[in-house]
Amino acid sequence: QVQVVESGGGLVQPGGSLRLSCAASGSAFNIPVMGWYRQAPGKQRELVARERSGESIKYGDSVKGRFTISRDNAVNTVSLRMSSLKPEDTAVYYCYAGYTRYAGSYEYDSWGQGTQVTVFS
């Protein structure tokens with residue numbers, strides 16, 4: 001089983017920047033995908049950015065050009081650099097990892113507990 005733990009987040013003014021980090025640990029054959037999702041109050045959880053091995057990085061439309069995801073496969077970490085933050089970016093941000101237990105297995109999900117990002121004037 002794989003666990004993911006986020007760090008970072010906090011309060012920032014509009015136009016500011018923040019960096020989130022996430023580390024995956026535990027037993028897995030492979031972790032083909034890691035990324036970030038977010039959920040604002042009263043809204044559904046949405047994709048922020050996701051990096052899957054062998055595929056192009058995918059960003060949510062609302063963060064393209066402002067957020068950058070970086071993954072280090074060697075140590076199973078992923079970070080999210082958020083710039084030009086807006087009040088509508090306020091949400092709980094969740095780290096996500098998709099992993100396999102053996103070659104050809106089903107891909108299991110692991111979610112972090114979330115970290116709050118608040119953009120306020």
Side-chain angles (χ1 to χ4, degrees):
Q1 191 171 354
V2 169
Q3 297 81 37
V4 292
V5 177
E6 307 103 336
S7 61
L11 301 174
V12 64
Q13 292 186 330
S17 299
L18 278 176
R19 183 175 185 269
L20 305 181
S21 298
C22 173
S25 62
S27 177
F29 175 76
N30 190 26
I31 305 178
V33 59
M34 293 188 73
W36 296 91
Y37 289 73
R38 69 185 182 186
Q39 188 166 18
K43 295 187 177 181
Q44 290 187 332
R45 190 172 296 189
E46 64 175 359
L47 172 70
V48 176
R50 184 184 68 216
E51 184 171 343
R52 177 178 289 276
S53 300
E55 296 182 4
S56 299
I57 292 174
K58 186 173 178 62
Y59 289 97
D61 289 340
S62 61
V63 307
K64 287 180 181 177
R66 301 188 298 121
F67 291 12
T68 302
I69 188 172
S70 299
R71 183 177 173 184
D72 187 337
N73 292 326
V75 292
N76 291 324
T77 59
V78 65
S79 63
L80 183 70
R81 177 67 177 174
M82 304 182 291
S83 301
S84 302
L85 283 161
K86 306 174 181 179
E88 51 264 43
D89 294 317
T90 295
V92 177
Y93 284 70
Y94 296 91
C95 181
Y96 165 81
Y99 67 98
T100 57
R101 295 179 177 175
Y102 49 86
S105 80
Y106 174 81
E107 190 171 292
Y108 296 86
D109 297 338
S110 180
W111 293 91
Q113 291 190 330
T115 184
Q116 178 71 46
V117 172
T118 302
V119 185
F120 71 103
S121 299

If I compare all heavy atoms of [X] with all of [Y], which pair ends up nearest, and what's the gap?
{"X": "Val48", "Y": "Phe67", "answer": "CG1-CD2, 3.6 Å"}
{"X": "Glu107", "Y": "Thr100", "answer": "CA-CG2, 4.3 Å"}
{"X": "Ser21", "Y": "Trp36", "answer": "O-CH2, 3.5 Å"}
{"X": "Ser70", "Y": "Glu51", "answer": "C-OE1, 4.4 Å"}
{"X": "Ala97", "Y": "Val4", "answer": "CB-CG1, 3.7 Å"}
{"X": "Thr90", "Y": "Ala40", "answer": "O-CB, 3.6 Å"}

Do [X] and [Y] belong to the same hydrophobic cluster, where Ile, Leu, Val, Met, Phe, Trp and Tyr are linked whenever their side-chain heavy atoms lie under 4.5 Å apart, directly or via other members?
{"X": "Val2", "Y": "Met34", "value": "yes"}
{"X": "Leu20", "Y": "Leu47", "value": "no"}
{"X": "Ile57", "Y": "Val63", "value": "yes"}
{"X": "Leu18", "Y": "Tyr59", "value": "yes"}
{"X": "Val78", "Y": "Tyr108", "value": "yes"}

**Asked** Which word best sums up how the rings of Trp111 and Tyr94 line up, parallel for under 30°, tilted for 30 to 60°, or perpendicular for over 60°?
**Response** perpendicular
Would you check if [X] and [Y] make a side-chain contact, meaning some heavy-atom pair closer than 4.5 Å?
{"X": "Val117", "Y": "Met82", "answer": "yes"}
{"X": "Arg101", "Y": "Tyr106", "answer": "no"}
{"X": "Ser17", "Y": "Arg81", "answer": "yes"}

**Prompt:** Who passes side-chain hydrogen bond (donor to acceptor under 3.5 Å, both in side chains) against Gln3, sequence neighbours left out?
**Reply:** none
**Fill in**
The side-chain hydrogen bond (donor to acceptor under 3.5 Å, both in side chains) partners of Lys64 (sequence neighbours excluded) come to Asp61
**Request:** State whether the number of non-hydrogen atoms from other residues, nucleotides or ligands found under 6.0 Å of Gln44 atom CD is greater than 12.
**Result:** no
**Prompt:** Are Phe29 and Tyr102 close enough that their ring centres sit under 6.0 Å apart?
**Reply:** no
If you round to the nearest 0.5 Å, how far is [atom2] of [Y] from [atom1] of [X]?
{"X": "Thr115", "Y": "Leu80", "atom1": "OG1", "atom2": "CG", "value": "11.0 Å"}
{"X": "Leu85", "Y": "Gln13", "atom1": "CG", "atom2": "CD", "value": "11.5 Å"}
{"X": "Ile69", "Y": "Lys58", "atom1": "CD1", "atom2": "NZ", "value": "12.5 Å"}
{"X": "Ser53", "Y": "Asn30", "atom1": "OG", "atom2": "CG", "value": "6.0 Å"}

**Request:** Measure from NZ or CZ of Arg50 to the centre of the six-membered ring of Tyr96 and say whether it is under 6.0 Å with the direction within 45° of the ring axis.
**Result:** no
**Prompt:** Tyr93 pairs by side-chain hydrogen bond (donor to acceptor under 3.5 Å, both in side chains) with which of Gln116, Gln39, Glu6, Arg38?
**Reply:** Arg38
**Item:** Listed once per pair and sorted, the disulfide (SG to SG under 2.5 Å) pairs that draw on residues 75-121, sequence neighbours left out
**Value:** Cys22-Cys95
**Message:** Closer than 3.5 angstrom, by distance alone: can the side chain of Ser84 be matched with the main-chain N or O of Arg66 as a donor-acceptor pair?
**Reply:** no
